[in-house]
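Quantities reported herein were computed from a predicted structural model and do not represent experimental measurements. Proteins come first, then strands; the chains are lettered A, B, ... in the order of their sequence lines, and each starts at number 1.
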Amino acid sequence: EIVLTQSPGTLSLSPGERASLSCRASQTVSKNYLAWYQHKPGQAPRLLIYGASSRATGIPDRFSGSGFGTDFTLTINRLEPGDFAVYYCQQYGKSPWTFGQGTKVEI
Amino acid sequence: QVVLVESGGGLVQPGKSLRLSCAASGFGFNGYGMHWVRQAPGKGLEWVAFVWNDGSKAYYANLVRGRFTIARDNSNNTLYLQMNNLRVDDTAIYYCARDFDGGAPDYWGQGTLVTVSP
């Protein structure tokens with residue numbers, strides 16, 4: 001199965017700053033089928049990005065995804081208080097689909 | 001709006017079985033594939049299983065293949081997860097989620113907690 005490794009494990013930033021989160025795959029992600037999710041405690045996960053760079057419905061353009069092959073990045077510009085959460089990447093190009101271990105973005 | 005409500009979680013002993021349900025509303029259920037995803041205490045998200053919109057094909061994570069079965073009843077807009085031979089490390093919140101883009105869930109339920117303990 002494809003292993004996704006996210007870095008860093010924790011990112012300590014202030015509101016207004018930019019966050020850059022990395023997701024590296026153990027093999028090429030087919031068709032760039034890579035998604036990013038935001039997850040807050042006690043809430044359902046929220047799809048942010050699919051197809052490596054397409055924003056899901058209702059996601060502000062402060063969130064952007066990039067990358068191809070095995071290296072992908074989620075960038076969050078102008079961090080807002082509601083953005084502090086855990087972020088996961090997920091590949092769905094090859095079954096079994098897999099998630100990364102998550103990056104916590106904290107204040 | 002899209003609503004997914006999981007049920008059936010609880011405390012169960014190792015080796016026993018449990019069936020989770022997910023009631024869907026607010027969208028054309030029979031037009032979407034569906035997922036189960038879990039989160040163990042203090043851990044990250046783990047994809048568990050996926051079923052096609054018509055129930056004809058299913059895919060499983062390596063850790064659950066052969067023990068778990070995903071199924072659906074399109075006449076009642078309900079998704080199921082039959083879990084057999086449960087292990088302590090199956091303890092988790094189990095989420096059902098609607099598929100988007102052929103493998104990336106977009107709408108998720110609030111989850112149901114499964115605790116496997118002697």
Please look at Q91(A) and chain B and tell me whether the side chain, the backbone, both or neither of the residue comes under 4.5 angstrom of a heavy atom of that chain.
-> neither
Please work out whether the ring planes of F50(B) and H35(B) are parallel, tilted or perpendicular, with thresholds of 30° and 60°.
-> tilted
Please name all residues satisfying side-chain hydrogen bond (donor to acceptor under 3.5 Å, both in side chains) with D90(B), sequence neighbours left out, ordered by chain then number.
-> R38(B), R67(B)
Structural part of Y60(B) lying under 4.5 Å from a heavy atom of chain A = backbone
Could you check which of G51(A), P45(A), G93(A) has the highest count of heavy-atom pairs closer than 4.5 Å to chain B?
-> P45(A)
Over 60° means perpendicular and under 30° means parallel, so classify the ring planes of F68(B) and Y94(B), tilted if in between.
-> tilted
Under a 4.5 Å heavy-atom cut-off, does chain B meet the side chain of A56(A), its backbone, both or neither?
-> neither
Output the option from N62(B), D106(B), I93(B), L45(B) having the highest count of non-hydrogen pairs under 4.5 Å with chain A.
-> L45(B)
Going by the side-chain contact (heavy atoms from CB on, under 4.5 Å) test, name the single residue among T78(B), V5(B), L79(B) that passes it with C22(B).
-> L79(B)
For D71(A), enumerate each residue passing the salt bridge (Lys or Arg N to Asp or Glu O under 4.0 Å) test, keeping only those at least two apart in sequence or located in another chain.
-> R24(A)
